[in-house]
Structure formats: structure tokens, C-alpha cells
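First comes the structure, then the notes that go with it.
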Number of protein chains: 2
Amino acid sequence: MTPLIRSFAALADPTRLNIIEQLMQSGELPAGDLVKDAGMTAPAVSRHLKVLREAGLVRQRIDGTRRLYSANPDGLRLISDWAISRRAFWEQSLDRLETAILTEERRPQ
Amino acid sequence: MTPLIRSFAALADPTRLNIIEQLMQSGELPAGDLVKDAGMTAPAVSRHLKVLREAGLVRQRIDGTRRLYSANPDGLRLISDWAISRRAFWEQSLDRLETAILTEERRPQ
DNA sequence: CAGTTAATTAACATTTATGTTAATTATTGG
DNA sequence: CCAATAATTAACATAAATGTTAATTAACTG
């Protein structure tokens with residue numbers, strides 16, 4: 001499995017995507033806090049975190065008995081880079097939309 | 001399942017990601033051509049195409065007995081928009097890299 | 001209109017993913 | 001050191017994904 005596909009797979013689950021969003025917003029959080037919001041047991045969340053870790057999307061820092069998690073910018077940039085490198089393609093429809101808007105502006109009413 | 005998660009799930013498979021890349025590069029292709037490259041049977045590819053269709057990542061056009069597939073820019077923009085709207089976050093490490101480079105430039109040798 | 005081609009859908013087997021409870025590991029604090 | 005806390009790993013059950021072959025649908029072609 002390539003790193004990109006592993007990243008897509010990691011984000012293809014509502015619990016994991018939610019964890020990533022939470023970490024991007026709140027910064028570093030202990031596993032326990034993520035369990036509270038996830039609506040499932042700690043072992044389940046722990047394994048979701050493992051999937052995210054193995055995809056390089058989150059980092060783990062140990063502080064006593066707690067594991068502090070944070071989103072990893074480098075991992076997330078893999079997705080961004082893929083999207084941006086295909087920008088020429090997905091902007092096609094936007095170009096058409098812009099053209100339509102401009103055409104309308106040039107011919108008011 | 002949200003559209004974004006459905007998109008991530010659709011791209012989280014090597015066969016499907018490969019199909020998307022092929023369609024972005026070559027434009028419209030019949031299902032048969034995609035089967036040739038996929039290294040698996042036609043029914044398997046057909047179902048992969050269904051997953052991509054349901055995620056809005058490809059479009060299907062009927063031409064006689066053939067189904068012509070093309071990548072859908074609107075679907076792909078969903079991923080781009082997500083990545084770009086989180087740009088402030090994933091650029092963090094890039095900023096640090098830039099800072100390091102600039103610092104080096106300011107202090108040559 | 002029978003036969004061929006293109007593709008999908010159905011039925012099935014197998015692997016992978018995901019959740020639960022129970023057990024384990026590791027650290028903190030009396 | 002023992003009990004409590006935080007988190008993970010193990011074992012297990014079940015649902016979902018993915019591939020195969022067989023059957024079906026639809027459109028050309030002689």
C-alpha cells in the first residue's frame with residue numbers, strides 16, 4: 001500500500017476523520033479526551049489512532065500514563081500535494097463556471 | 001456517510017486510484033480499456049467503477065454497447081477544497097522549513 | 001433474428017475492518 | 001509495594017469489501 005492510499009484509507013472513516021479535525025482545531029489532546037467524543041470504547045479509539053499513526057497523519061507524545069496526540073502537518077500535506085498537483089484537472093469545471101459568470105457580466109440582462 | 005468520506009473511501013483502493021489517474025491523463029475511456037490495465041476480471045472493475053460513480057468521482061456516458069468513463073472535476077474538487085481549507089494547518093511544517101532556509105540565506109556559511 | 005460483443009448484476013467465498021469485553025502494560029501516589 | 005489511572009493489546013464476533021464464476025441485459029452485425 002502506498003503512503004497516499006494509506007492516507008486516504010485512514011481518512012475514510014467518520015471516527016478517524018473526526019479525530020483529525022479535532023486535533024487540527026484543538027492541538028494536542030490525550031487519548032482519553034478523544035475517547036469521550038468518539039461514542040465508542042477506548043480500545044476501539046486506540047486502534048483508530050493506530051491507523052492514523054501508521055498513515056503518518058498523527059503524532060504521539062508520551063506524558064506519564066497519558067498519550068498526547070496531535071495532527072501531523074507533513075502527513076496531511078501528502079493529500080494536499082496530490083490534490084494540488086492535479087489542480088489543472090479539477091479546476092476545469094471551475095473555469096467553465098467562471099466563463100459563464102464572465103459571459104453574463106459582459107451581457108447584462 | 002458524508003460525501004467527503006465517501007470520496008476518501010473511493011480513493012483508498014489501488015485499483016480505483018489508478019483508474020482515476022488514468023482517466024485524468026487520458027480523458028474519456030471505455031470500461032473495457034480500464035479492465036485491460038486493472039489486472040482483474042471485468043465484473044470486479046465494473047464494481048470499482050460503481051464505487052467511483054457513487055462517490056461522484058467519475059461520470060459515465062453511454063455509447064452503444066460501451067460505457068465511456070471520465071473523471072469528474074467537481075467530485076475531485078471536494079478533496080481539494082478540504083485540503084485547501086485546512087491549508088493553514090498543513091503548511092505549518094512548510095513554514096518552519098522556509099524559516100530555516102531563510103535563516104540560512106541570511107547567514108551564509 | 002441468431003450470434004457476438006460490451007458491460008453489468010447475481011451468487012458465492014474469502015479477507016479485511018471494526019466494535020466489544022477481558023487481559024496486559026506502564027506510570028503515578030498513598 | 002499496592003491500588004488506581006491511562007492506554008494498549010488480545011481474543012472474539014460480526015459486518016463490509018473484494019475477488020471469482022455464472023447469469024443477465026443491451027446493442028450491434030451478418
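Every chain is numbered from 1 and lettered A, B, ... according to where its sequence line falls, protein lines coming before strand lines.
Ionic pairing of B:Glu21 and A:Arg86 is present here: one or more N-O contacts between side-chain nitrogen and carboxylate oxygen are shorter than 4.0 angstrom.
Side-chain atoms of B:Pro73 and A:Phe89, non-hydrogen and from C-beta on, do get closer than 4.5 Å to each other. Counting heavy atoms from C-beta outward, A:Val51 and A:Asp13 have side chains that stay 4.5 Å or more apart. Contact check for B:Met40 versus B:His48: side-chain heavy atoms found under the 4.5 Å cut-off. For the pair A:Ile20/A:Arg16, no side-chain contact is recorded, criterion being any heavy-atom separation below 4.5 Å from C-beta on.
Regarding A:Leu49, its CG atom lies at a distance of 16 Å from the P atom of D:dA6, rounded to whole Å. Distance, A:Tyr69 OH to D:dA6 P: 15 Å, rounded to whole Å. For the pair B:Lys50 NZ and D:dT25 C1', the computed distance is 15 Å after rounding to whole Å. Atoms CE (B:Met40) and C1' (C:dT15) sit 14 Å apart, rounded to a whole Å. The distance between atom CG of A:Asp13 and atom P of D:dA17, rounded to the nearest whole Å, is 11 Å. The interatomic distance linking B:Arg67 (CZ) with D:dA27 (C1') rounds to 9 Å, in whole Å. Atoms CG (A:Leu68) and C1' (D:dA7) sit 12 Å apart, rounded to a whole Å. Look at CZ on A:Arg61: it is 17 Å from P on D:dA6, rounded to the nearest Å.
Residue B:Thr65 places no side-chain N or O under 4.0 Å from the OP1 or OP2 atom of D:dA27. For the OP1/OP2 pair of C:dT20 and a distance below 4.0 Å, the side-chain nitrogens and oxygens of A:Thr41 include at least one atom meeting the criterion. When the side-chain nitrogen and oxygen atoms of A:Arg47 are compared with OP1 and OP2 of D:dA10, none of them lie within a distance under 4.0 Å. An OP1 or OP2 oxygen of C:dT8 is reached within less than 4.0 angstrom by a side-chain nitrogen or oxygen of B:Gln60. Between D:dG19 and B:His48, a contact under 4.0 Å exists linking OP1 or OP2 to a side-chain N or O.
Looking at heavy-atom distances under 4.0 Å, A:Ala31 makes contact with sugar-phosphate atoms alone, never a base.
Nearest-nucleotide positions on DNA chain C for A:Ile62 and A:Gly39 put A:Gly39 closer to the 5' end. Residue whose closest nucleotide on DNA chain D sits further toward the 5' end, between B:Met1 and A:Arg66: A:Arg66.
Ranking D:dT18, C:dT18, C:dT9 by closeness to the B:Ser46 side chain, first place goes to C:dT9.
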